[in-house]
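Beneath this line is the structure, given in structure tokens, with notes to follow.
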Amino acid sequence: MIEDIRCPICGSKTTIPTSKKGPNIGGQFHVCTRYPECKGKVAVESQNGNIVQAADFSERTYTSMAIQASGLVKRYSEEVLAVDGVDLNIEANTVYALLGPNGAGKTTTILILTTLLQPTSGSASVVGLDVVRKASDVRRRIGVTFQEMILDVELTGRQVLDYHGRFYGMKKAQRKAKISELLALVELEEAANRRVSTYSGGMKRRLELARGLMTEPEVLFLDEPTLGLDPQNRASIWDYLRNLKEQRGLTLLLTTHYMDEAEHLADRVGIIDQGHIVVEGTPRELIEQMGSDSIRIAGQGDGEKFIEEVRSLSFVQTVTTGDDLIQIGIDSGNKRLPEIVSVANNCGFVIEDISVTKPSLSDVFLKYTGRQLRDK
Amino acid sequence: MSAVMTLWGKHMQKLRIHPEEAFGMVIQSVLWVVLFGIGMKSLLGVTVGGGDAYMTFMVPGIVALTAMTAAVGGGLVWLTERIMGIVKEYLAAPIPRISILGGNALSIITKTLFQSIIILVLGVLIGATGNLDPLGWLGGIVLLTVYGLGFAGIALAFASKTNDPGSYHMVIFLFTLPLLFLSNALYPLESLPKWMEICARLNPTTYAVDGMRQTFMDSSVASSGGDYIALWICFVVLAAFAVICMSLAYFVFKRSIR
Ligand SMILES: Nc1ncnc2c1ncn2[C@@H]1O[C@H](COP(=O)(O)OP(=O)(O)O)[C@@H](O)[C@H]1O
Ligand SMILES: [Mg+2]
């Protein structure tokens, strides 16, 4: 049966077959990318990318969350608690970055969300589908690139994409069209018929990105997408990723231990440390709470007294310490510098190093974990 | 099913990229047929009827060795994909887990049959007397497939367990030669000491070889004088062998992808 149906948000009309499924599909919502006016809001239910039934928003509680997790725990062994109660609510059509040092539990979280690992406890869903109970449906609708480069280097770039499409049951013509589109996107057309073993690191990463997009996923997971790449290649990957979100309405969850990557790319950042998300927000929110400027001081002497005195100053917004570093969030660094120095002198605190910087996510990280996040 | 075929296609493509790998394995068997066959023919000719009879007797044994080596070696593809992490691409795809095992088993069987048939044809060319009934060959291919599946199972189980290609190669060696010598592949069962005969009767290779002598070969020429094991017993024993080993592979494989 063919029926005219309206997208409940944008009102645009489409003709769809409704015979396959009734109205009760149980929370499988599709991001309305066909109707740009909807701006990625959830509008219609779908199955395998075909619109099946418009959702009635007045009577349903629906979720526009592309990724949800609550109380996610993964314990590898008695000693290793890799993920320790992670909650996530990631809206559709956003870029979310999990920022944290090595061993924070980022990869483990990604593996759970992409159905490769079962959580010890807690639950998670992707596009409204439970990652444990509906694993196979989830797999159909996501794309992944893993932290390590995983490529059959004996094959050509084109073959890598083609086999990937075949595993997802794509038809030949469909694969062909998609491959040429993606090769153009990641600028690998010339290298497409060469063996992957002849590719540079950046080319391999771009090929992996294309592979992740091959099956038109709604959500793309990227585990450290620019790990080990030089600045130029990183910048081009960032460009592709930003475009994906804006032009294709994708939801992106990426992990990184580069704070500039999170700052550049993400709409929202979750800082993860020792299996917890310690703080979450837009990069701006997170940075602004640190004050508009930040003074970093290293020195010797009665640090505690000094910190106490500094805290009592009216213009000081935050004081954080860690790794022998005192960090003061302040309204205007240059103006207040002399005052801070004189407070230090009065307390007998000997300054060895002092600098004024604009706060960054690494300062946020320091504040919430007491440790520095170093780019390796 | 399409995932099995896709994986199979990918493995075949890799084989085309590295034909020397398959080629090297065939060479080994070719040397067996030519050197060992000709040497033994002059040495043992009398005991087993003389002339081409020994060739006819021996070629199924070498075919079994070829099949065993090819099947066990075929597990290396899976081991490599596991070590390189390519298995994650499969695990993230919406395909049944068992199709990964199935695709591997299918590509192993393909290589096994391909190499075995080369040796068979070569054996016939050199002087073994083949069976003129095509049904016999069909039966032989079934026997070979089931026999190969058994070793594919052992190979896939081991390749799911280890992370070291070096120890894998060791196993190929440790496995194949004793299984060849402790069977009826090179000499008649009746001529063996009692303990060896018992070993041989517990060895699936014996049933594969005896079955092949009755199917691929002219059974009257391949005969060593003693009685053949009934063909249906060969089928049943080998089928059981295949089922047990593939189940083992599935069990170990399941645990390895957690
Ligand atoms: N397969 C595993 N078995 C045991 N421990 C693991 C395994 N994978 C990761 N870990 C441990 O879990 C913790 C989190 O690891 P991971 O999720 O890889 O962090 P990240 O990706 O943030 O670097 C680390 O302490 C790591 O050593
Ligand atoms: Mg990681």
Side-chain angles (χ1 to χ4, degrees), chain A residues 48 74 76 107 110-118 120 126 129 131 134-156 158-172 175 195-197 207-208 211-212 214-215 217 219-221 223, chain B residues 1-24 73-74 76-107 110-111 159-160 163 165 253-258:
Chain A
N48 300 336
K74 180 67 193 184
Y76 282 112
T107 298
I110 291 252
L111 290 179
I112 294 173
L113 293 175
T114 54
T115 77
L116 267 69
L117 207 58
Q118 301 230 346
T120 309
V126 174
L129 301 166
V131 295
K134 297 267 183 181
S136 175
D137 296 321
V138 171
R139 287 178 198 139
R140 208 170 283 288
R141 295 169 64 171
I142 61 173
V144 202
T145 70
F146 297 100
Q147 180 171 334
E148 327 85 80
M149 299 223 188
I150 291 176
L151 287 166
D152 251 312
V153 294
E154 294 165 9
L155 303 180
T156 66
R158 189 183 300 279
Q159 287 167 344
V160 165
L161 297 180
D162 195 56
Y163 279 116
H164 191 73
R166 282 167 69 175
F167 277 118
Y168 286 72
M170 289 170 78
K171 297 276 173 292
K172 189 165 185 166
R175 298 199 304 266
R195 294 239 190 111
V196 176
S197 52
L207 180 62
E208 288 192 319
R211 183 178 61 189
M214 186 68 198
T215 53
V219 181
L220 184 60
F221 294 87
D223 197 0
Chain B
M1 201 58 211
S2 75
V4 171
M5 293 315 293
T6 304
L7 192 56
W8 176 79
K10 188 174 166 184
H11 288 169
M12 291 302 115
Q13 179 129 34
K14 285 196 195 173
L15 197 65
R16 265 177 277 150
I17 297 170
H18 288 297
E20 68 276 6
E21 185 189 316
F23 194 65
L76 272 172
V77 175
W78 167 238
L79 179 63
T80 315
E81 289 191 340
R82 261 190 65 234
I83 292 176
M84 286 174 42
I86 289 168
V87 52
K88 280 194 193 164
E89 182 191 346
Y90 307 150
L91 294 179
I95 57 174
R97 298 323 201 210
I98 195 168
S99 66
I100 304 174
L101 196 68
N104 273 288
L106 190 62
S107 60
T110 310
K111 290 181 213 173
S160 299
N163 284 320
F253 164 81
K254 273 282 237 199
R255 292 187 53 168
S256 77
I257 58 173
R258 286 265 164 89

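For a residue to count as touching a neighbouring chain, one of its non-hydrogen atoms must lie under 4.5 Å from one of that chain's; by this rule A:F146 touches chain B with the side chain only. If you measure heavy-atom distances from A:Q159 to chain B, the contacts under 4.5 Å come from the side chain alone. Of the two parts of B:R16, neither the backbone nor the side chain holds a non-hydrogen atom closer than 4.5 Å to a non-hydrogen atom of chain A. For chain B, no part of A:I142 is nearby; none of its heavy atoms comes within less than 4.5 Å. Proximity to chain B involves both the backbone and the side chain of A:E154, based on heavy atoms less than 4.5 angstrom apart.
Side-chain N or O atoms of A:R195 include none that pairs as donor or acceptor with a backbone N or O of A:V153 at under 3.5 Å. A donor-acceptor pair under 3.5 Å is formed between the side chain of B:R82 and the backbone N or O of B:A159.
Inspection of the A:Y163 and B:Q13 side chains reveals an N or O donor paired with an N or O acceptor under 3.5 Å.
In this structure, CZ on A:R166 lies 10.5 Å from CG on B:L7, to the nearest 0.5 angstrom.
Taking both residues in full, the closest heavy atoms of A:Y168 and A:R139 are given as CE2-O, 3.7 Å, listed atom of the first, atom of the second, then distance.
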